[in-house]
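Atoms within a ligand are numbered from 1 in the order they appear, just like the ligands themselves. In what follows, residues are counted from 1 in the order of the sequence shown.
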Amino acid sequence: METNSISIFGLGYVGCVSIGCLAKNGHKVIGVDVVQHKVDLINNGKPTIIEKDIDTIIEEGHKAGRISATTDHIQAVKDTNVSIICVGTPSTGNGHLNLDYIYKTAQGIGEALKGKDSFHVIAIRSTVLLGTNEKVGRIIEEASGKKRNVDFAVVSNPEFLREGSAVKDYYNPAVTVIGSENEKALDIMADIYSKVDAPIERTDVRVAEIIKYVNNSFHALKITFANEVGNICKRMGIDSHKVMDLFCKDTHLNISPYYFKPGFAYGGSCLPKDLKALNTIAHDAYLNSPVLESIERSNQNQKRTAFELITSKGRKKVGILGLSFKKGTDDLRYSPIVEVTESLLGKGYEICIFDEKVNLSNITGTNKHYIETRIPHLSKLLKSDLQEVVESSEVLVISQNDERFRSLIDDYPDKIFIDLVRVVEEPRNVNYEGLGW
Ligand SMILES: NC(=O)c1ccc[n+]([C@@H]2O[C@H](COP(=O)([O-])OP(=O)(O)OC[C@H]3O[C@@H](n4cnc5c(N)ncnc54)[C@H](O)[C@@H]3O)[C@@H](O)[C@H]2O)c1
């Protein structure tokens, strides 16, 4: 691959770190900013920000002739084959992002591309809204008269660094995310980041656009969750740091990908009960725990979402594939699909159920009591023959990840399938719909 030369738009926090670190990795980089003072600083070998190690990195890159800066965006685009947008995206008064600087930069890049014949990559490094990649492409097409994905391509490339450890974060991100419809542009960006010590994840534009929001919302959730646990522990005379240290040692269920697949509500005899217990401890100690309190509400909402998805199909005959709260058990207590089934029965739907582990004559104790109060005539609805359930239903609701349910989706193209657990990645059946995908 030819060597890339890069123009960086915006010489603030992200732009300054990018310019220094890319130069340190051997790239020739031109910084562009509308503020003359920032351009002068870079041209004197000085950073525009205060951050550990950045002064020596900029000084060395400048001395080696790899770093320069300008206010002339037209020349900067002409002299490079990649432009990375790092301009600011401040909040508007009503909480939205103000993307004016992004669009202005796109306009400028488009004008510059008018007089350029070679392929150009525009990477959006700033934090932007969904759809910005598309809009930046449109602005550049209009301003340049060139064709997207032929003459130029736009890549979404979110930045994950944190101020205070920006240089370290730049070189050691968990992943480098690049999203584009254009493979050539992705190859060029992958080459630029080849010396960064992180796996390069090529993905869809919209996945790349939303990931930063999902990441940061989760980080905020982690902090507030830990703080609520801390408040409860303190009130109980328990050292919360000992608790959370132990919590983090469980890398099977706590700090792991487990439970991170969007899908149906949780249920069973433990999660609802133990969550309620912790909330009760907090409540009895007169503590507010809004995060912990809202978990159950969110879970109820997911059952409602499943119910509405089923009823939205406008068919009365519904087959439920899997009734217990998870595959391989006959425990029906607090199984979320039992609640959805109960609501469907209440609305007059004709229900047929298949669950090979649920045998009414073997169910005893609290499990028996629970199901008898929820679905009193279960014996009439439960069938031991899967085929019978499929054939007598118009809509089939898959609530357990079972190999046999998976093959039904392609075998019965005329049936409507509602998948609560994603038994298939890419179904061919056009009547298939997932709960959260
Ligand atoms: N600061 C962080 O820790 C951090 C981390 C990750 C992502 N981000 C995101 O990266 C983006 C940049 O953040 P920042 O902290 O570096 O912002 P910043 O405000 O420090 O810098 C933005 C720079 O862009 C310049 N600029 C504005 N319009 C321009 C234009 N038309 N052409 C050229 N330059 C222009 C400004 O003069 C300024 O120097 C934002 O979207 C931010 O949310 C920031």
Side-chain angles (χ1 to χ4, degrees), residues 6-22 29-43 46-54 58 68-77 79-80 82-92 95-113 122-133 135-136 139-140 143 155-178 193 196 198 208-217 219-220:
I6 306 159
S7 42
I8 302 273
F9 282 75
L11 292 173
Y13 234 88
V14 171
C16 183
V17 171
S18 301
I19 210 176
C21 295
L22 284 167
V29 197
I30 304 173
V32 185
D33 207 292
V34 286
V35 178
Q36 184 66 48
H37 173 64
K38 293 195 181 190
V39 168
D40 293 344
L41 279 171
I42 297 292
N43 281 332
K46 298 208 164 30
T48 59
I49 54 161
I50 293 173
E51 184 71 30
K52 188 172 180 294
D53 298 332
I54 195 67
I58 295 283
S68 63
T70 179
T71 52
D72 182 352
H73 63 277
I74 304 275
Q75 196 58 44
V77 171
D79 291 345
T80 55
V82 176
S83 295
I84 304 182
I85 302 179
C86 303
V87 299
T89 51
S91 277
T92 63
H96 289 96
L97 287 188
N98 177 353
L99 299 182
D100 287 355
Y101 300 142
I102 298 274
Y103 300 146
K104 227 178 181 166
T105 306
Q107 177 73 25
I109 293 172
E111 284 159 11
L113 287 182
I122 299 97
I124 305 174
R125 195 89 170 140
S126 299
T127 302
V128 292
L129 294 171
L130 281 175
T132 304
N133 184 305
K135 182 154 180 189
V136 162
I139 293 172
I140 295 176
V155 177
S156 293
N157 171 217
E159 172 59 65
F160 300 117
L161 64 78
R162 294 161 302 168
E163 290 177 22
S165 54
V167 171
K168 187 165 158 269
D169 287 352
Y170 182 92
Y171 285 123
N172 306 282
V175 288
T176 295
V177 178
I178 45 177
Y193 292 124
V196 171
E209 284 186 323
I210 204 169
I211 189 67
K212 173 121 192 183
Y213 293 106
V214 176
N215 284 355
N216 279 346
S217 301
H219 301 164

Heteroatom proximity flag, Tyr13 to ligand 1, N/O under 3.5 Å: yes
Q: Flag Lys104 as yes when one of its N or O atoms lies below 3.5 Å from any N or O atom of ligand 1, and as no otherwise.
A: no
Of all protein heavy atoms, the one nearest atom 2 (C) of ligand 1 is Glu163 OE2, 3.6 Å
The option among Thr127, Leu97, Ile124 carrying the non-hydrogen atom nearest to atom 9 (C) of ligand 1 is Thr127
Note: Glu159 and Lys212 closest approach over all heavy atoms is O-NZ, 2.6 Å
Numbered in order shown, the ligand 1 atoms found under 4.0 Å of a heavy atom of Lys38 are 38 (C), 39 (O)
Note: ligand 1 atoms sitting under 4.0 Å from heavy atoms of Gly10 are 23 (C), 24 (O), 25 (C), 33 (C), 34 (N)
Any Ile49 side-chain heavy atom under 4.5 Å of Val17 side chain: yes
Given the options Asn43, Val35, Ile42, Val39 meets side-chain contact (heavy atoms from CB on, under 4.5 Å) only with Asn43
Q. Within the structure, does Glu159 bring an N/O atom to less than 3.5 angstrom of an N/O atom in ligand 1?
A. no
Q.
If you count heavy atoms of other groups shown closer than 6.0 angstrom to OH of Tyr101, is the number above 12?
A. no
The protein heavy atom nearest to atom 4 (C) of ligand 1 is Val14 CG2, 3.6 Å
* Does a sphere of radius 6.0 Å around CG in Leu97 hold more than 12 heavy atoms from other residues, nucleotides or ligands, not counting ones at 6.0 Å or beyond? -> yes
Q.
So for atom NE2, which belongs to His219, do other residues, nucleotides or ligands contribute more than 12 heavy atoms lying within a distance under 6.0 Å?
A. yes
| task | Work out whether the distance between some heavy atom of Lys212 and some atom of ligand 1 is less than 4.0 Å. | result | yes
For Thr176 and Ala198, the nearest pair of non-hydrogen atoms, with its separation, is OG1-CB, 4.1 Å
Answer yes or no: does an N/O atom from Cys86 fall short of 3.5 Å to an N/O atom of ligand 1?
-> no
Note: Ser68 and Ile19 closest approach over all heavy atoms is O-CD1, 4.0 Å
For atom 22 (C) of ligand 1, the closest protein heavy atom turns out to be Gly88 N, 3.4 Å
Going by the 4.0 angstrom heavy-atom rule, the piece of Thr48 near ligand 1 is neither
Could you tell me whether Arg125 and ligand 1 have an N or O pair separated by under 3.5 Å?
no
If you compare Val87, Ile102, Thr105, Asp33 by their heavy atoms, the one closest to atom 38 (C) of ligand 1 turns out to be Asp33
Item to complete: Indicate yes or no for a side-chain donor-acceptor contact from Glu209 to the backbone of Asn133 under 3.5 Å, with no hydrogens or angles considered.
Response: yes
At under 4.0 Å between heavy atoms, what of His73 touches ligand 1? The answer is neither
